[in-house]
Amino acid sequence: MKTQVCIIGGGPSGLMLSQLLHLKGIDTVVLERQSREYVLSRIRAGVLEHGFAKLMREAECGERMDREGEIHEGFFVANNGVMKRMDLHKYSGGNSVVVYGQTELTRDLYDARDRMQGKVIHNAEDVQPHELTSKTPYVTYRSGDEIIRINCDYIIGADGFHGVSRKSIPKTVLREYEKLYPFGWLGVLSRTKPVSPELIYSRHDRGFALCSLRSQVLSRYYIQVPLTDTVEDWSDEAFWDELKRRLPEDVAARMVTGPSIEKSIAPLRSFVAEPMRYGNLFLAGDAAHIVPPTGARGLNSAASDIYYLYHAMLAHYQNGDDSGLDGYSAKALARVWKAQRFSWWMTTLLHTFPDSIEYDKKLQQTDLEYLFSSEAAQSSLAENYVGLPF
Ligand code: RFL
Ligand code: PHB
C-alpha cells in the first residue's frame, strides 16, 4: 500500500487529522489496533474547549455536536461545602466550552471518514514504523498471518500513551518528563438527571469530587480514590454515599442516584515527551503528553497538535514550504507545557494529598480563598479553561 500520511491510532487525534487532510486532497491511512466498538466504548472526555469545537466544524464533523452538545459559560468550585461560580464567559472575553462526550465526537469522526471512503483499518496488529530518518519511511502491520507494508512520506504517531510510536524514537533522542499523583479518579456514568446544569469541581477533606454530565439525562461523576482501590471495591451504593459526602449539603440533597452503566478507575499522571518529531515521525495527542483530567485539557491539547500538523502538512504539500513541519515540535510543546501547568495547578488546588504537611494545606486554602475573591485569579482560570489560542 502507499499513502502520503500514515496515521497510527484511530482515536480523536488520528481521525481528526485524517479527516482534515482528506478535505484538502491529501491521502491518509489510519491504523487502529482495536475494533471500532472497543474505541467507542471508552468513556473519557466530556468538556471541549471552543478551539476544539471550531476544528470539528472545520473537519465538517460539527453538526451533531452543535445540535446536541451543551454550551457552558461557567462552572462551580466548591471548597468544603462553600460554592463559587467561575464565570468563563465574562472572564474569557465571551468564550465558553462545549459539553459533548468523546465517544460521540469519535463516532462523528468515524462517520465522516466512512462517508468519504477514508481508509481506517481496525484490528491492525503489531503496527511498527520503520526507517524514520530516511526519505522512504514505511509502516508495517499484521492482519491474521499477513504482514502488510504501507509506504508513505510521513508517519503520525497518534496512538495514545501506550502506543508504539513514541517508543520507536531512540532513547538517546527522547527526553521524558513525568509526574505521578498518589491517587486516581473513580468515574461513574448513570442514566440520571445531572445534579447541576453546570459542572461542580469539589475540594473536600475526604477527597476531590466532580459532577459532570453528558446530557440532561446522562450524568458523569468522579471521586478521588487511592491508587490501591479497584472498581470491585466500590458498589454503586458506596460510590453515591461517598460522592454525596464530598459535596455541599444542598447539592447532595438533590442528587438523583441510579445504577451505574459504566464504572472505571483512571490513575492521574502528567507526562511530556520531547521532541515531538523524530525524522519523518510526528507525535500528536496523548502519544506525546498526558495531563490529569482535572483541567479538562487532554483532548484539547491534542487538538492544537492536530491544528499545527494540519497546517504544516498543507504548507508542505501545497507550497513546498517545510517551515511548519520543522517548527512543529517547538510550537506544539510551548502550548503543551501551558496545559501541563494549568492541569497541575487545578489538580493541586482541588485534591487531598495523602503526604501533604500542614503548610501545604494552608497554602491550598489560601490559593482557594484567593481564587474565590480575586477577579484576576478567576480571569486566569477562565482564560486557561476555555483554551489558550492555538
Ligand atoms: P487516544 O484516545 O488514546 O487514542 C489513541 C488510539 O491509538 C490506538 N493505539 C494503537 N493503534 C495502532 N497500533 C498501536 N500500537 C496502538 N496503540 C494504541 C488506541 O487503541 C487508541 O484508539 O489518544 P488521542 O487520540 O490522542 O486522544 C486523547 C484523548 O483521548 C485524551 O486526551 C482525553 O480523553 C483526556 N481526557 C479529557 N480531555 C479533555 O480535553 N477534556 C476532558 O473532559 C477529559 N476528560 C480525559 C477525561 C481522560 C480520562 N481518562 C480515562 C484518561 C476524563 C478521563 C477519565
Ligand atoms: C467529564 O465529563 O468526563 C469530565 C469533565 C471535566 C473534567 C474531566 C472530565 O475536568
Side-chain angles (χ1 to χ4, degrees), residues 6-18 30-36 38-49 51-53 70 72 75 97-103 105-106 109-110 120-129 139-142 156-168 184-189 194 198-201 208 210-215 218-222 262 264-269 271 283-306 336 339 342-343 346-347 350 385 387:
C6 184
I7 300 174
I8 305 178
S13 301
L15 294 170
M16 173 79 92
L17 184 64
S18 168
V30 176
L31 293 175
E32 167 58 52
R33 180 167 58 184
Q34 307 286 357
S35 68
R36 184 176 294 205
Y38 181 90
V39 174
L40 290 175
S41 69
R42 291 189 301 226
I43 308 292
R44 290 185 169 180
V47 173
L48 312 179
E49 68 183 35
F52 191 100
E70 287 185 16
H72 283 220
F75 63 83
V97 292
V98 181
V99 169
Y100 190 63
Q102 179 167 335
T103 313
L105 165 163
T106 308
L109 287 164
Y110 276 138
V120 181
I121 297 165
H122 282 277
N123 305 309
E125 292 179 67
D126 303 337
V127 173
Q128 190 63 53
V139 179
T140 53
Y141 72 96
R142 190 168 59 77
I156 307 297
D159 46 355
F161 183 67
H162 299 287
V164 65
S165 301
R166 188 181 68 252
K167 290 176 194 139
S168 56
W185 278 17
L186 168 64
V188 159
L189 190 68
E198 292 185 332
L199 272 69
I200 304 174
Y201 288 84
F208 170 76
L210 171 62
C211 304
S212 183
L213 64 154
R214 292 290 177 275
S215 72
L218 199 56
S219 301
R220 181 69 166 161
Y221 298 108
Y222 297 96
E262 194 266 359
S264 50
I265 294 183
L268 265 63
R269 182 199 302 268
F271 174 87
L283 301 179
D286 276 17
H289 42 78
I290 298 275
V291 285
T294 328
R297 292 302 75 205
L299 195 52
N300 298 302
S301 299
S304 57
D305 295 350
I306 296 307
V336 160
F342 179 68
S343 305
M346 281 272 281
T347 303
L350 296 171
Y385 194 89

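First listed ligand is number 1; within each ligand, the first listed atom is number 1.
- Using 4.0 Å as the threshold, L210 has a heavy atom nearer than that to some atom of ligand 2.
- Residue contacts with ligand 2: Y201 is placed with a nitrogen or oxygen under 3.5 Å of a nitrogen or oxygen of the ligand (distance criterion only).
- For ligand 2 and V47, the ligand atoms under 4.0 Å from any heavy atom of the residue are 5 (C), 6 (C).
- Using modelled atom types, one side-chain atom of D305 and one backbone atom of G285 make a donor-acceptor pair closer than 3.5 Å.
- Ligand 2 has no N or O atom lying under 3.5 Å from any N or O atom of Y385, backbone or side chain.
- Across E125, R44, Q102, heavy-atom proximity to atom 33 (C) of ligand 1 is greatest for Q102.
- Contact annotation for L299 and ligand 1: heavy atoms of both the backbone and the side chain come within less than 4.0 Å of the ligand.
- Contacts of A296 with ligand 2, taken as heavy-atom pairs under 4.0 Å, involve both backbone and side chain.
- Contact atoms of ligand 1 toward R42: 19 (C), 20 (O), 21 (C), 22 (O) (distance under 4.0 Å to a heavy atom of the residue).
- Residue contacts with ligand 2: W185 is placed with no nitrogen or oxygen under 3.5 Å of a nitrogen or oxygen of the ligand (distance criterion only).
- The ligand atoms of ligand 2 that sit less than 4.0 angstrom from a heavy atom of L199 are 5 (C), 6 (C).
- Every atom of ligand 1 is numbered from 1 in the order shown, and the set under 4.0 Å from a heavy atom of Q34 is 20 (O).
- Only the side chain of Y222 comes within 4.0 Å of ligand 1, judged by heavy-atom distances.
- The proximity of L31 to ligand 1, defined as any non-hydrogen pair under 4.0 Å, is limited to the backbone.
- The closest approach between E49 and ligand 1 stays at or above 4.0 Å for every heavy atom of the residue.
- The part of R214 lying near ligand 2 is the side chain, judged by heavy-atom distances below 4.0 Å.
- Of the possible polar contacts, one joining the N300 side chain to the E49 backbone as a donor-acceptor pair under 3.5 Å is found.
- For ligand 1, the atoms sitting less than 4.0 Å from at least one non-hydrogen atom of G46 are 42 (C), 43 (O), numbered in the order shown with element in parentheses.
- The six-membered or imidazole ring of F208 lies away from that of Y222, with a centre-to-centre distance of 6.0 Å or more.
- Close N/O approach between D286 and ligand 1 is found [any backbone or side-chain N/O within under 3.5 Å].
- Where the criterion is an N or O separation shorter than 3.5 Å, residue side chain and backbone included, V47 meets it with respect to ligand 1.
- For H122 and Y110, the distance between ring centers is under 6.0 angstrom.
- Looking at P293 next to ligand 2, an N or O pair under 3.5 Å apart turns up.
- Using a 4.0 Å cut-off between heavy atoms, A124 makes no contact with ligand 1 at all.
- Residue G11 approaches ligand 1 through these ligand atoms, each under 4.0 Å from one of its heavy atoms: 4 (O), 6 (C), 22 (O), 25 (O).
- Under a 4.0 Å heavy-atom criterion, G187 is not in contact with ligand 1.
- Figure legend: R214 and Y100 shown without cation-pi pairing, the cationic atom not lying both under 6.0 angstrom from the six-membered ring centre and within 45 degrees of its axis.
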